[in-house]
Amino acid sequence: MPSTIISSTAARVAETPPEGSGLAGTIGELETLIAEKAKDIRAIAAGRRPPPGLDVPRLTERVENVDPALFAHLPMAPDDAQDSEPPATVPLADEPEEVVTEPQARARAPQFEPPVATIPLDTEPEDIPTDPQPREPEQEVTAPPAPPAESETTTSIMSTTATTLAKTYDPHAIEKNLYEAWEDAGHFRPTGGETPYCIMLPPPNVTGSLHMGHAFQDTLMDALTRYHRMRGANVLWQCGTDHAGIATQMVVERQLGQKGISRHDLGREKFLEAVWAWKEESGGTISKQLRRMGASMDWSRERFTMDAGLSRAVTEVFVKLYEDGLIYRGKRLVNWDPVLNTAISDLEVVATEEAGKLWHIRYPLEHGAGHVVVATTRPETMLGDVAVAVHPDDERYQRIIGKTVRLPLCDRSIPVIADTYVDPGFGSGCVKITPAHDFNDYAVGERHKLPLINVFTDHAAINDDAPEQYRGLDRYAARARIVEDLKALGLLVRIDDHKLMVPRGDRSHAVIEPYLTDQWFVRIAPLAEPAIAAVEDGRIRFVPENWRKTYFEWMRNIEDWCISRQLWWGHRIPAWYDAEGTIYVGRTEAEARERGGLGADVVLTQDDDVLDTWFSSALWPFSTLGWPERTPELATFYPTSVLVTGFDIIFFWVARMIMMGLRFMGDVPFREVYIHGLVRDADGNKMSKSKGNILDPIDLIDGIDLETLVGKRTTGLMRPEDAPKIEAATRRQFAGGIPSYGCDALRFTFASLATQGRDIRFDLGRIEGYRNFCNKIWNAARFVLMMVEGHDLTNPTEHTHSALPERWIRSRLHHAVRVFTEAFDGYRFDLAAQAIYEFIWNEFCDWYIELAKVELNDPDTPEALKRGTRRALASVLETSLRLLHPLMPFITEEIWLKVAPLVGKTGRTIMHEPFPRLEDDDYDDHAIATFDWLATFILGVRRIRAENNIEPAKRLAVKVRGGAPFEQLWLQEYALFVRQLARLETIERVEGGDSEDAATALAGETTILVPLMDLIDPAVEIERLTKELARLEQDLTRTEAKLANESFVAKAPPEVVDKERRRALDNRDAIGRLTGQLTKLRK
RNA sequence: GGGUGCUUAGCUCAGCUGGGAGAGCGUCGCCCUUACAAGGCGAAGGUCGUGGGUUCAAGCCCCUCAGCACCCACCA
């Protein structure tokens, strides 16, 4: 189905809170206790403001008296992750041949060996030599194709012996092979965990191809799927495709048209064969593309809306609704597409503002002199006029109400009626009434019992009920002729320019005619009512919640749904007619006959029409699970967990699924609806073929050269004259083509763009940044493997006391897991992505790896400590990979398979490993405080170095003065780290207030002095300090003003006031120290 | 005519129940320091659209206005 949008968000579905256990209570109490203790410690701390940029908790000497055990589990949000075992990785077997009509009984099959071993290690690096994209020269230099030897390593995806990674991150080398291995191993099938989790893929058009909206949406669904799978849920991502009635039929008709054949030339049966052939030919495209996205959907359960099974569901629903009086056939005014020759629903009509004319026409009074003037935008419909209406209170026309006027050109008399529908202020205040060609007029006609005169054919030409001279003319030709004739008769008063909303078909773009035909309708009100209630009472939750309003708005004003289409491609309506036109509905002709009590001699003909595509889509959540059979899948996975979709199909699809689900399953089809935004280009324009600004997700993954891109964008245009413009814009924007970014980078980009707003601008700069992130991860992993190589980390008997860096990085990881999980559970993929990005890059790579290097390179560090560090490197990396996996499935798997054995993990795939859980033991507030202080120290020195242009390699001799006892202790204990990371020669403690001229930085209560010598320009340093002082003083002024405000002190919460007091103290202290230094420099 | 959303650094956007504004990209310095130049280390840059209100305290809550976007709707 044509979703042009993208969405994401997850819901916390089916997570069982670990409440009620005695353990929870105990932990809760402990946490409270610890939290109070931590607060206490901070409160005691002398209130000096932390160094710029860091909030360093103040710890006093009392810290030393606190039981370290208390810091072992500092307070964290309770972990709501399930304590589940990793899901079994042995998939359920199923028959290779899929019998779509029958729900698949999930027979347990004997466990089979995973096909892992059969994957050749020497998979050929196929896409390296054939890479069609010429790259930029620089890229050639920086990212040369991996030589065969190396790519061999990278493609040996399941190798357990290789512990090294290729030197350069090359997504091509890993993605495809990994996906095939996953699929072959059956990793995407439900694993049978206790809690079901199910997402229905909005079925794309079977003959369509993947666009950015799909790619975005699929990324989010896959992330949710992988996340819940790792958390141990029994996960089904149900996939399949939609027959997309009108769209597909149009394509095939166009193909035939190029050969000069119409579908009528072929006849129904042959035409349908042609459509099926087209479906077979092009139907696999989108499935292949979905695989490129890494989508972990259960392909063994793939469905198509015109499968026998789903078709049976359609028939069943039609018959039942008919039996219940909720489907009826009637002659009504419908939206008619005169090009496609079919009725369409209200939703398929899009109104666009277009320039038109307003013709003022004189209708002579039948009796006596005079006339009325009517204004119309559609003069040709006057042939079907049956009245002229005025407002009942309109003074001007009181005299003529009830009289008749002579309809020009038609030789008919029509009455003047009074109806409040008329707006006396618009035009002349007189309206021509044409009930057969206007929805408003239709209503007026019903009120006044007016006849209906249809003057059009199916093709919107004038029919034989109109005056002879117009018959056979197209509506616009007729319009011109009629206007001419009126002018000749002197009945045309004037023509005004007029902007009007023109209804057009969303597929054909033809101007839609209100047209009187026999159609099938769903009586919608009885279905809408419970569907409204389900959202009102929260059985279905919209995310973001404001979409409720849109939903309610539409559902409360909903009109009957016209479901019949005069097409051939689709589900044929199960109704038959006898010679008199009596309707017989049944699942089969035999059933219809039987119900009607008809003998075999009665000739029945089936209704020619098919059902609206959305009719079958509305049943998707249960028809794909086997309904109307009562299958185990249906019992397990219905209601599904969340629907991920765009706001453009809330009415088309979401609302209808809710109505049908409630009606036929007695329950909602999904518990949450995550509505995502629309993907636009970097300039905020909607992507469309005609604008020539389409980006193909696959091109972002694989890269594409400029010429090919230009070719893609300029062929098959509706308006070929736009091609030069599109080509120029494309050449400007993508001068070097599009480089290959890989699927993981694309997915991460989508996740990070999935904010709550309506639109998502896709900017290449963003994806490039995340490709770099992939590269960063890759290289960090290479480093870890390099450091760990040849060392056994799995020795479980050794218990080394964790060093500070390790305690710190585990605490930060703990934090990242918490933020990520909370964000994910709230469908905030952007925040989740940000959390993992910051952790891996800014904390693990920028700091922890650097700290580890210092330790591992230091000859004096005991081997036991180094072992701990190696273990931590591997373990933190391994956990990070699991955290990242839902968003970046490929690179995480590739690396994990090499890292996992080092930490004693034997799983065959990361995708069935447990998602990281929060361990209280991993959070250490003390370690964070210590590290923050050390970092502040290092950053202070670095800043002095940078601002004074001291060469990075130059080792500095610094002096420190003052500092709280624990700061002194930290500096002493971690001098190695400080010296290496700040590049120091020596750290010398000086006493007293007197010191030489030096550049100054503050870390807590410690003053860092970098002696001037010949390295530092006093002028630079004076400027730097002056600026810093000004900032501090301004801050102090504000803080003091606040504290001087009595009502602030009286009314603000005590902790806020305390904070301000501490701030003031900190500032005064820092100002004092800096002022002293500045004075000295200025001497 | 109804309805919804948006307006924060040059650009694209975060900012959770109100307690001294952040990120990415871009820009400017200095570095090819043996995981990564797809990199490292530093820096600059914002009266949070306007006007008012509530509050000790407003990017955040209320009202006004302005601009932008979208959805729905029968003004001929």
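Order of the sequence lines fixes the chain letters, A, B, ..., with proteins taken first and strands second; residue numbering starts at 1 for each chain. Only a predicted model underlies this, so the values are computations on that prediction, with no experimental measurement involved. Any value given below was found using the heavy atoms of this structure, including those in side chains, with hydrogens, waters and symmetry copies removed.
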Trainee: List in chain and number order the residues that pass side chain to side chain donor-acceptor pair (under 3.5 Å) with E559(A), two or more places apart in sequence or in another chain; answer none if no residue qualifies.
Mentor: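 Expected list: none.
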Trainee: So if I define the base as every atom that isn't primed, P, OP1 or OP2, how would nucleotides 24-31 of chain B read as a B/S/- string at a heavy-atom cutoff under 4.0 Å?
Mentor: ------S-
Trainee: Under 6.0 Å from the six-membered ring centre of Y551(A) and within 45° of its axis: does the NZ or CZ of R548(A) meet both?
Mentor: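 Because its charged atom misses either the 6.0 Å distance or the 45° angle limit, R548(A) does not stack over Y551(A).
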Trainee: If I compare all heavy atoms of A754(A) with all of D830(A), which pair ends up nearest, and what's the gap?
Mentor: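 Nearest pair, atom of A754(A) first, then D830(A): O-OD1, 3.6 Å.
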Trainee: Can any side-chain N or O of E348(A) pair as donor or acceptor with the backbone N or O of S345(A) at less than 3.5 Å?
Mentor: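 Indeed, once roles are kept as given, a pair shorter than 3.5 Å links the two residues.
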Trainee: Does a nitrogen or oxygen in the side chain of R945(A) sit under 4.0 Å from OP1 or OP2 of G40(B)?
Mentor: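 No.
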Trainee: Want to know the stems of RNA chain B: at least 3 consecutive Watson-Crick or G-U pairs with distances under 3.5 Å, which are they?
Mentor: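 Consecutive-pair runs (3 or more) involving RNA chain B: B:1-7 with B:66-72, B:10-13 with B:22-25, B:27-31 with B:39-43, B:51-53 with B:61-63.
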Trainee: Between N335(A) and P514(A), is there a donor-acceptor pair closer than 3.5 Å when you use the side chain of the first and the backbone of the second?
Mentor: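 No: the side chain of N335(A) does not pair with the backbone of P514(A).
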Trainee: Per the side-chain hydrogen bond (donor to acceptor under 3.5 Å, both in side chains) rule, what does the pair list look like for residues 431-445 of chain A, sequence neighbours excluded?
Mentor: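 Matches after skipping sequence neighbours: T381(A)-K432(A), D385(A)-K432(A), D385(A)-T434(A), K432(A)-T434(A), H437(A)-N454(A).
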Trainee: I'd like to know if the side chain of S740(A) reaches the main chain of I701(A), judged simply by a donor and an acceptor atom lying under 3.5 Å from each other, with no hydrogens or angles considered.
Mentor: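 Flag set: sc S740(A) to bb I701(A) pair under 3.5 Å.
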Trainee: Kindly determine whether F750(A) and F829(A) satisfy ring pair (Phe, Tyr, Trp, His ring centres under 6.0 Å), including the steps that lead there.
Mentor: CA-CA 9 Å; F750(A) 281 135; F829(A) 302 98; over 10 Å; no
Trainee: Report the residues that fulfil salt bridge (Lys or Arg N to Asp or Glu O under 4.0 Å) with D497(A), sequence neighbours left out, ordered by chain and then residue number.
Mentor: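 D497(A): salt bridge (Lys or Arg N to Asp or Glu O under 4.0 Å) contacts with K357(A).
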Trainee: Would you say the ring centroid of W778(A) lies under 6.0 angstrom from that of Y169(A)?
Mentor: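 Ring centres of Y169(A) and W778(A) closer than 6.0 Å.
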Trainee: Between the protein and nucleotides 18-20 of chain B, list the N/O to N/O atom pairs that are separated by less than 3.5 angstrom.
Mentor:
from   : atom 1 : to       : atom 2 : distance (Å)
G20(B) : O6     : R1038(A) : NE     : 3.4
G20(B) : N1     : R1038(A) : NE     : 2.8
G20(B) : N1     : R1038(A) : NH1    : 2.8
G20(B) : N2     : R1038(A) : NH1    : 2.1
G20(B) : N3     : R1038(A) : NH1    : 3.4

Trainee: For nucleotides 73-75 of chain B, which of its nitrogen or oxygen atoms have a protein nitrogen or oxygen under 3.5 Å away, and what is each distance?
Mentor:
from   : atom 1 : to      : atom 2 : distance (Å)
C74(B) : O4'    : N440(A) : ND2    : 3.3
C74(B) : O2'    : N440(A) : ND2    : 2.6
C74(B) : N1     : N440(A) : OD1    : 2.9
C74(B) : O2     : N440(A) : OD1    : 2.8
C75(B) : O2     : D423(A) : OD2    : 3.3
C75(B) : N3     : D423(A) : OD2    : 2.9

Trainee: Not counting sequence neighbours, which residues clear salt bridge (Lys or Arg N to Asp or Glu O under 4.0 Å) with R680(A)? List them please.
Mentor: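 Once residues adjacent in sequence are excluded, the partners of R680(A) under the salt bridge (Lys or Arg N to Asp or Glu O under 4.0 Å) criterion are D759(A).
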Trainee: Which nucleotide sits closest to the side chain of E947(A): A43(B), C70(B), C36(B)?
Mentor: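 Closest nucleotide among those given: A43(B).
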Trainee: For E553(A), does its backbone N or O pair with a side-chain atom of N557(A) as donor and acceptor, under 3.5 Å?
Mentor: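 Yes, because the side chain of N557(A) sits within donor-acceptor range (under 3.5 Å) of the backbone of E553(A).
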Trainee: Under the side chain to side chain contact (heavy atoms under 4.5 Å, CB included) rule, collect the residues that match up with V876(A), sequence neighbours excluded.
Mentor: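 Partners of V876(A) under the side chain to side chain contact (heavy atoms under 4.5 Å, CB included) test: I809(A), R810(A), L813(A), F839(A), F844(A), S880(A).
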Trainee: What residues in residues 845-854 of chain A put a non-hydrogen atom under 4.0 Å from any atom of RNA chain B?
Mentor: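 Close to the strand are C845(A), D846(A), I849(A), E850(A), K853(A).
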Trainee: Run the salt bridge (Lys or Arg N to Asp or Glu O under 4.0 Å) test against K776(A) and tell me which residues pass, sequence neighbours left out.
Mentor: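 So K776(A) forms no salt bridge (Lys or Arg N to Asp or Glu O under 4.0 Å) with any residue.
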Trainee: With sequence neighbours excluded, what pairs up with R447(A) under the salt bridge (Lys or Arg N to Asp or Glu O under 4.0 Å) test?
Mentor: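 Here the qualifying residues are D419(A).
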